[in-house]
**Student:** 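Before I ask anything, here is the structure I am working with.
Note that ligands are numbered from 1 as they come in the structure, with each ligand's atoms numbered from 1 the same way.
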Amino acid sequence: MSPFVIVIFGATGDLAQHKLLPALFSLYKNKHLGDKFYIVGFARREFSDEAYAHMIGDELGVHKDPQWGDFAKNIYYQQGMFDEKDGYEDMIKKLNGFDQEIGACITRLFYLATPPVNYEMILENLSATKLSEGCGPAFAEATAGKQGFDKSIWTRLAIEKPFGKDIDTARALDKKLVSIFEEKQIYRVDHYLAKETVQNMIAFRFANSIFEPVWNKTHIDHVQITFAEKKGIGRRGESFDGVGMLRDVAQNHLLQLLATVAMEQPKGFSKESVRDARVNAIKAIRPIKPSEVSERVVKGQYAGYKEEGKVAADSHTDTFVAMKLFVDTDRFTGVPFYLRAGKKMAEDVVDIKIVFVQTCHLLFKEYGCPEVGNVLTIKIQPNEGIGLRVIAKDPTSPEASRGKPRLALATVDMHFSYQEEFGHKGVEAYERLLLDILAGDQMLFNRSDELESSWQLISGILKGWDENPSENVTYEVGSNGPQEANVLIEKDSRKWL
Ligand code: BG6
């Protein structure tokens, strides 16, 4: 890989410490980063380069790792306030120093890993100091007036979700972004797109010819998508409170998971074809009117949330959300998609369950059939893999009686596990994303129309909640969420599986 520099804004935050730096270290250990690279942490607190690297080493518990020392030599720190130019100007000197060391203009990746409230001021300062233009003023001069000069080779910007707070703020942020960077320089991150099991959906659905004929409203009864975490908000009170699960997880990860099930076959394997297919699926989701919200959406908060650090004592923030959606395409019209996401739940699990129509064949009617028959489970995590529940004759069924044959049906699971098959669960999502950004591949990143469509849907729900703020229900820590989420699906004579 060619030399590069990655500047992480929000270098002392959760994302930098728990996702980005571990991913970079792992890429380094697996020899994916090349010989020359520079990681610059940018944040408000004072640190020397060494102290920052040491703090990261502590946080990751890797000081004893024999490769940590060499890796840490590539870590630098820049103190700065996001809204003041000084830090950015000092950083120019630092970055120019790296260019001089290499003897060339090297690729710069600015990674916005701060709470979203800082995005606009960071973008403004990147633009005001011309950091957005590659190798600072020298670069601007060298390229002035040159038509078709490809800036994306030198400067890239990665921006984390949540991208905006609603449709209007998302649009405003995007406007700012595209006024400073060209589309091909922008990487809007949703790390769920880079999970191996999510990427595999295209291969699974379209390379196995047995699934396509049944992947439709005739054969699929409904789809369930579950995103459950045992952890609460931890130290994220400041950035989570007022944001909530709907914006933090549903607007992005859950809708992307839905899109993998609902999308049509992409025209090709190019970045735009795949992104078109995703966008079309999200656009086809039937909007929820504010007046329908109380019937189709459940908003919950775990008991004790208001006592968490940096959370408002009267907070209405959702730590759980469940909803029923419809995708109005020929393939799926009328098939409900039930989605739920929650913190402080009974277990850590993210999966998609495709529940097929269950008809009890005439042959078995008098012996009884299982209530739920075939279910295809895409296990996003943990135990990454795919399971298929099928019906089998139960060999333990009682002896024949009163002249009838011995026969009972049971459901059994067939499964594929990444770990068992490949000895590996796939490349970690942030490693994949960083590699793709550095390679200039935007397929696994959101395009702005994708975000626009998902925010359209989510904004309708937010509006419904605004109009009726008492929607929040409390649920017990370690449970499966509020009872209301069960009612949401049970009133359709179905259950969460
Ligand atoms: C993030 C959310 O995008 O995804 C967090 O902001 C959530 O709230 C996290 O915990 C889950 O990611 P993963 O990869 O650990 O499932």
**Student:** Tell me, with the steps shown, if R247 and L462 meet side chain to side chain contact (heavy atoms under 4.5 Å, CB included).
**Tutor:** CA-CA 9 Å; R247 293 181 175 103; L462 289 168; 3.7 Å; yes
**Student:** Examine the proximity of ligand 1 to E160 and report which part, side chain or backbone, both or neither, has a heavy atom under 4.0 Å away.
**Tutor:** neither
**Student:** Just say parallel, tilted or perpendicular for the rings of F332 and F337, cut-offs at 30° and 60°.
**Tutor:** perpendicular
**Student:** Measure the distance from atom 6 (O) of ligand 1 to every protein heavy atom, then report the residue, atom name and distance (to 0.1 Å) of the closest one.
**Tutor:** D248 OD1, 2.6 Å
**Student:** Give the residue, atom name and distance (to 0.1 Å) of the protein heavy atom nearest atom 12 (O) of ligand 1.
**Tutor:** H191 NE2, 3.1 Å
**Student:** Should the ring pair Y28 and F71 be called parallel, tilted or perpendicular, given that the plane angle runs from 0 to 90° and is split at 30 and 60?
**Tutor:** tilted
**Student:** Students should be able to answer this: which protein heavy-atom is nearest to atom 5 (C) of ligand 1, and at what distance?
**Tutor:** R236 NH1, 3.3 Å
**Student:** Under 4.0 Å from a heavy atom of Q381: give me the atoms of ligand 1 that qualify, with their elements.
**Tutor:** 13 (P), 16 (O)
**Student:** Quick test: of every protein heavy atom, which one is nearest to atom 7 (C) of ligand 1, and how far off is it to 0.1 Å?
**Tutor:** E229 OE2, 3.3 Å
**Student:** Students should be able to answer this: which protein heavy-atom is nearest to atom 15 (O) of ligand 1, and at what distance?
**Tutor:** K19 NZ, 3.1 Å
**Student:** Just which atoms of ligand 1 are under 4.0 Å from any heavy atom in K195?
**Tutor:** 13 (P), 14 (O), 16 (O)
**Student:** Can you label the angle between the Y192 ring and the F227 ring as parallel, tilted or perpendicular, going by 30° and 60°?
**Tutor:** tilted
**Student:** Determine whether any heavy atom of Y192 lies closer than 4.0 Å to an atom of ligand 1.
**Tutor:** yes
**Student:** As an exercise, identify every atom of ligand 1 less than 4.0 angstrom from a heavy atom of K231.
**Tutor:** 10 (O)
**Student:** Would you call the rings of F211 and W215 parallel, tilted or perpendicular, where under 30° means parallel and over 60° means perpendicular?
**Tutor:** perpendicular
**Student:** Would you say H253 contacts ligand 1, with heavy atoms under 4.0 Å as the rule?
**Tutor:** yes
**Student:** Looking at W496, is R340 sitting on its ring face, NZ or CZ under 6.0 Å from the six-membered ring centre and within 45 degrees of the normal?
**Tutor:** yes
**Student:** Between F326 and R286, is there a cation-pi geometry (under 6.0 Å to ring centre, at most 45° from the normal)?
**Tutor:** yes
**Student:** Under a 4.0 angstrom heavy-atom cut-off, which atoms of ligand 1 come close to K343?
**Tutor:** 5 (C), 7 (C), 8 (O), 10 (O)
**Student:** Measure from NZ or CZ of K161 to the centre of the six-membered ring of F163 and say whether it is under 6.0 Å with the direction within 45° of the ring axis.
**Tutor:** no
